[in-house]
Undergrad: 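Submitted below is the structure of interest, expressed as structure tokens.
Letters A, B, ... are given to chains in the order of the sequence lines, protein chains preceding strands, and every chain is numbered from 1.
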Amino acid sequence: MRMSKRFGLTLREAPADVEVKSHQLLLRAGFIRPLAAGIFSYLPLAKRSITKIENIMREEINGIGGQEMTMPVVHPADIWKETKRWYEIGTEMGRFYDKNERDMVLAMTHEEVVADLIRREIQSYRQLPQLVYHIQTKWRDDPRPRAGLIRVREFTMLDSYSLDANEASLDEQYRAHYQAYFNIFHRAGIKAIAVASDVGMMGGSMAHEYMYLTPIGEDTLVLCDGCGYHANRQIATFKKKDAAAETALPAEKVATPDVSTIEALAEFLGVPKAKTAKAVFMVATMREAGTETQKLIFAIVRGDMEVNETKLTNALKAHELRPAHPEEISSIGAVAGYASPVGLRSNKNVIIIVDDAVPTSPNLVAGANEAGYHLRNVNYGRDYQADVVADIAAAQEGDGCPRCGQPIYLSRGVEVGNIFKLGTKYTEALGGTFVDEDGSSKPVIMGSYGIGVGRLLACSAEENHDDKGLMLPITIAPYHVHLVGMGKMEKEADQVYEQLAAASLEVLYDDRDESAGVKFNDADLIGLPIRLTVGARAWKEGGVEMKLRHSDERIIIPLDNLVNTVQAQIDALFAEVQATVVPVPFEE
RNA sequence: CGGGGCAUAGCUCAGUUUGGUAGAGCGCUCGGUUUGGGACCGAGAGGUCGUCAGUUCAAAUCUGGCUGCCCCGACCA
């Protein structure tokens, strides 16, 4: 490809309000252009990288028995109504009418379509197991797109769906994906870890998220160097420090004027935060048998801990949680800042939920439900009861690892993929059944597995760059070779280009009438792995200069062996990446 | 949905405080000189100042509404 003909410019500067490095560089190098928030065009360079990423995905999923197909982007709402997700999903779903005013949906995922296909195509256990996949555009009207390609609204995703007759068979496919996904990330130049994750609205029995660790990540992970434990903070457990055993002392009201935070309270009374009880008020939306009810949630954790909203939601089996308004708090007789479960007016619209560390922590300081006063020596069981006792506290830096007890630490990560054991939720809803060996009719067991293609490119760019520009690995770089022709060497450079092109090497040839500085800087910005320079210096010695993007070394390679030398370098770079593709032990 | 910021030429930004004929650098076009790390000279093109309304003799500038974009949080199948 001649750069004089290519569509898309490089930019000297990135827009000022773009902060994430991969976003800046992909814009500057002319890979992507925004059309609207979270909606991008992929220019020719990005398209080439994306095609390569998709081909890696194809190879890996084909390798575990996948069959590629394409499912529609536009769905009739009917199938989404059948699984109820039409009603459960809010504004993230793109909805519109066709010309006959039928409800239509823009695909955000394809479980419904797969389940619909299952009910049409799968009749017998003899047809199972199956693995189907596609690489398709999806629309999720995310409330907040951010960080360039990391979080977008329109995106392309590899998603595969496993179809099994029994759990053991599902487990086999699940584990096959577990490794295949690592292979995809490694081949794309991304170091990812798999963490156990919340199954969320997808339901199902097991899920892993693949996380690329980076400070710009939007998920918080809990990691342990001692034993390798890692989990999304949403579900991470930890060893709670036991409180010292004490005999319960009589409760005692103390004046605590203008002390409405745990920090202030602990300081004012001269007690550690662990000797206090923290009250958090939320409003939960519960869904049962098609009806929705709102309940005020009074959650209590020890003062040295924070509430984990995901754990809280799961413990309550709530559909949705939001912070309570002050009026809602006072409506049950609680006083914000001095709230207490003790002597609370009984009210069936309130659920009191207590972290499991609280009952074992005697003599805590709690509010007195009276502005300016707290109660000392509040004891669970004697002074109040909870509706639910559960683990609802968030793991924090330095807490004990739930497996080995060593201190854990927190890290941010971007979710680059996920795998789910879905179960039969969708096949049951849509009637995707088969006749098993014993003659009985059963729903097909599904798994679903996804990787965002653009996000993968962005994460690889995030991982593989320097101050000057991108350094994508050769496996996904748009071209392998960046050929730079210096001034007055046009004829010679053309000749080299023809020679490389004739050998079918992937070459981006900078034949523009630009100064050397401009060309070299653009080469660094686009960051192709191998740079060849046709200049007077090397030419006199009968060769061209070769430099790798990730090295400062420049060598002169002789013209008469040009293609072979470059090809050998390409092979070596591929081998380097391939060496990172290793088996990863499966961890639940 | 809550909080913050921004919107002037393709890009980066100045001009807004104190209303008075639209600016710079880079990029782009033409001519010439240069040619191993964002070169130089000369001549040009390019903006209804996001949008709608209001105040005013006069609005990029003051006031209000709306829209869009970025960041933080909530959310994230």
Side-chain angles (χ1 to χ4, degrees), chain A residues 8-20 23-24 27-28 30 33-39 80 83-93 105 107-112 138-148 150-153 155 157 159 197-204 207 209 216-220 232 234 282 285 309-310 313 319-323 325 414-415 418 420 422 425-426 448 450 452 455 468-469 484-490 493 510 512-525 531-539 544-545 547 552 554:
Chain A
L9 297 170
T10 51
L11 306 177
R12 206 167 272 209
E13 293 159 294
D17 51 14
V18 168
E19 295 182 6
V20 172
H23 189 191
Q24 291 177 0
L27 282 171
R28 286 188 52 213
R33 292 290 180 257
L35 179 64
I39 305 178
W80 289 82
T83 61
K84 305 279 193 289
R85 289 210 283 187
W86 170 262
Y87 311 102
E88 288 167 5
I89 296 171
T91 54
E92 315 93 281
M93 181 181 274
V105 170
M108 39 192 344
T109 177
H110 287 81
E111 283 79 15
E112 276 76 2
K138 296 170 198 280
W139 171 261
R140 296 181 188 176
D141 199 350
D142 204 278
R144 187 154 95 81
R146 57 179 289 273
I150 301 276
R151 188 164 194 85
V152 291
R153 297 195 291 170
F155 60 99
M157 196 170 197
D159 49 334
S197 74
D198 184 34
V199 293
M201 255 187 75
M202 275 294 205
E209 289 171 342
I216 65 156
E218 46 202 351
D219 287 287
T220 302
N232 195 309
Q234 291 180 323
M282 309 289 292
T285 304
E309 288 188 25
T310 305
T313 306
H319 175 68
E320 206 170 31
L321 270 190
R322 64 163 171 83
H325 304 306
V414 172
E415 183 184 343
N418 60 49
F420 274 95
L422 281 184
K425 174 176 170 178
Y426 298 97
S448 83
R455 183 180 282 189
K468 293 178 172 176
V484 178
M486 301 312 305
K488 300 235 166 86
M489 297 291 289
E490 289 82 7
D510 196 343
R512 297 173 302 171
D513 184 20
E514 288 286 354
S515 70
V518 169
K519 291 184 180 184
F520 287 137
N521 278 306
D522 274 350
D524 288 339
L525 178 59
R531 189 183 83 190
L532 296 180
T533 307
V534 179
R537 269 189 229 159
W539 200 260
V544 300
E545 176 192 282
K547 177 188 169 299
D552 285 331
R554 293 148 197 240

Undergrad: For a quick check, tell me whether the side chain of A:R554 and the base of B:G37 share a donor-acceptor pair closer than 3.5 Å.
TA: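 Such a pair exists between side chain and base.
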
Undergrad: For A:E19, report the nucleic acid contact type (base, sugar-phosphate, nothing); a contact means any heavy atom under 4.0 Å.
TA: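 If one applies the 4.0 Å heavy-atom cut-off, A:E19 turns out to touch the sugar-phosphate alone, with no base involved.
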
Undergrad: Using the C1' atom on both, measure B:G3 against B:G46 and round to a whole Å.
TA: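 It works out to 39 Å between them.
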
Undergrad: Answer with yes or no whether A:R28 presents, from its side chain, a donor or acceptor under 3.5 Å of a partner atom in the base of B:G38.
TA: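 Such a pair is found, so the answer is yes.
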
Undergrad: Tell me if a side-chain donor or acceptor on A:K468 pairs with a main-chain N or O of A:A523 at a distance below 3.5 Å.
TA: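 Not at all, since once roles are kept as given, no pair shorter than 3.5 Å links the two residues.
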
Undergrad: Can you tabulate the close N/O pairs, meaning under 3.5 Å, that link protein atoms to atoms of nucleotides 23-26 of chain B?
TA:
none

Undergrad: Is the shortest distance from a Lys or Arg side-chain nitrogen in A:K425 or A:E111 to a carboxylate oxygen in the other one below 4.0 Å?
TA: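 Salt bridge: no.
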
Undergrad: How would you list, by chain and number, every residue that makes a side-chain contact (heavy atoms from CB on, under 4.5 Å) with A:R554, sequence neighbours excluded?
TA: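 With sequence neighbours excluded, A:R554 shows a side-chain contact (heavy atoms from CB on, under 4.5 Å) to A:R531, A:E545, A:K547, given in chain and number order.
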
Undergrad: Measure from the side chain of A:R144, starting at C-beta and using heavy atoms only, and say which of B:G38, B:C75, B:C72 lies closest.
TA: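 For A:R144, the side-chain atoms sit closest to B:C72.
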
Undergrad: Contact class for A:A523 (heavy atom, under 4.0 Å): base, sugar-phosphate, or nothing?
TA: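 Here A:A523 touches no strand at all.
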
Undergrad: Which part of the nucleic acid does A:E545 contact within heavy-atom distance under 4.0 Å: base, sugar-phosphate only, or nothing?
TA: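 A:E545: base contact, heavy atoms under 4.0 Å.
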
Undergrad: Quick one: on RNA chain B, does A:N418 or A:A536 contact a more 5' nucleotide (nearest heavy atom)?
TA: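 Its nucleotide being nearer the 5' end, the pick is A:A536.
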
Undergrad: NA contact type, A:R146, heavy-atom cut-off 4.0 Å: base, sugar-phosphate, or nothing?
TA: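 The answer is sugar-phosphate, as A:R146 gets under 4.0 Å only of primed atoms, P, OP1 or OP2.
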
Undergrad: Pairing check on B:C49: which nucleotide meets the Watson-Crick or G-U wobble criteria with it, both distances under 3.5 Å?
TA: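 No nucleotide pairs with B:C49.
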
Undergrad: Using the side-chain heavy atoms of A:D219, tell me which of these nucleotides is nearest: B:C75, B:C76, B:G73.
TA: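 The answer is B:C76.
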
Undergrad: Charged N to carboxylate O below 4.0 Å: is that the case for A:R153 and A:D141?
TA: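 Salt bridge between A:R153 and A:D141, a charged N being under 4.0 Å from a carboxylate O: yes.
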
Undergrad: Name the closest nucleotide to the A:M486 side chain, picking from B:C75, B:G36, B:C70.
TA: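 My answer, after comparing the listed nucleotides, is B:G36.
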
Undergrad: Counting only side-chain heavy atoms from C-beta out, which of B:G37, B:A74, B:C69 sits nearest to A:F520?
TA: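 Closest of the options to the side chain of A:F520: B:G37.
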
Undergrad: From the options B:C75, B:G38, B:U34, select the nucleotide whose nearest atom is closest to the side chain of A:D513.
TA: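 Shortest atom-to-atom distance from the side chain points to B:U34.
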
Undergrad: Quick one: do A:M486 and A:F520 satisfy side chain to side chain contact (heavy atoms under 4.5 Å, CB included)? Show the steps, please.
TA: CA-CA 10 Å; A:M486 301 312 305; A:F520 287 137; 3.8 Å; yes

Undergrad: On a whole-Å scale, what distance lies between the P atoms belonging to B:U56 and B:C11?
TA: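 To the nearest whole Å, 36 Å.
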
Undergrad: One thing to verify: whether A:D142 and A:R140 come together as a salt bridge, which I'm taking to mean a side-chain N less than 4.0 angstrom from a carboxylate O.
TA: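 Salt bridge: no.
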
Undergrad: When only distance counts, do a donor and an acceptor, one from the side chain of A:R531 and one from the base of B:G37, lie under 3.5 Å apart?
TA: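 Looking at the base of B:G37, it does pair with a donor or acceptor on the side chain of A:R531 (distance under 3.5 Å).
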
Undergrad: What distance, rounded to whole Å, do you find between the two C1' atoms, one in B:A9 and one in B:C49?
TA: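 These two C1' atoms come out 10 Å apart once rounded.
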
Undergrad: The criterion is side-chain contact (heavy atoms from CB on, under 4.5 Å); which residues satisfy it with A:N521, sequence neighbours excluded?
TA: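 Scan of A:N521 (side-chain contact (heavy atoms from CB on, under 4.5 Å), adjacent residues dropped) gives none.
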
Undergrad: Has the side chain of A:E514 got a donor or acceptor atom sitting under 3.5 Å from an opposite partner on the base of B:G38?
TA: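 Absent.
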
Undergrad: Hey, is the main chain of A:E415 close enough, under 3.5 Å, to the side chain of A:R455 for a donor-acceptor pair?
TA: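 Yes; judged by distance alone, with no hydrogens or angles, the pair exists.
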
Undergrad: Can you check the A:E88 CD to B:C75 P distance for me, whole Å?
TA: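 Checked: the CD to P distance equals 18 Å.
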
Undergrad: With rounding to whole Å, what would you report as the distance between B:G25 and B:U67 at their P atoms?
TA: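 About 38 Å, rounded to a whole number of Å.
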
Undergrad: A:E309 has a side chain; which of B:G38, B:U35, B:A74 sits nearest to it?
TA: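 For the A:E309 side chain, the nearest candidate turns out to be B:A74.
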
Undergrad: Using heavy atoms to find the nearest nucleotide of RNA chain B for A:L9 and A:A516 separately, return the residue whose nucleotide is more 5′.
TA: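 First, find each residue's nearest nucleotide; the 5'-ward one identifies A:L9.
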
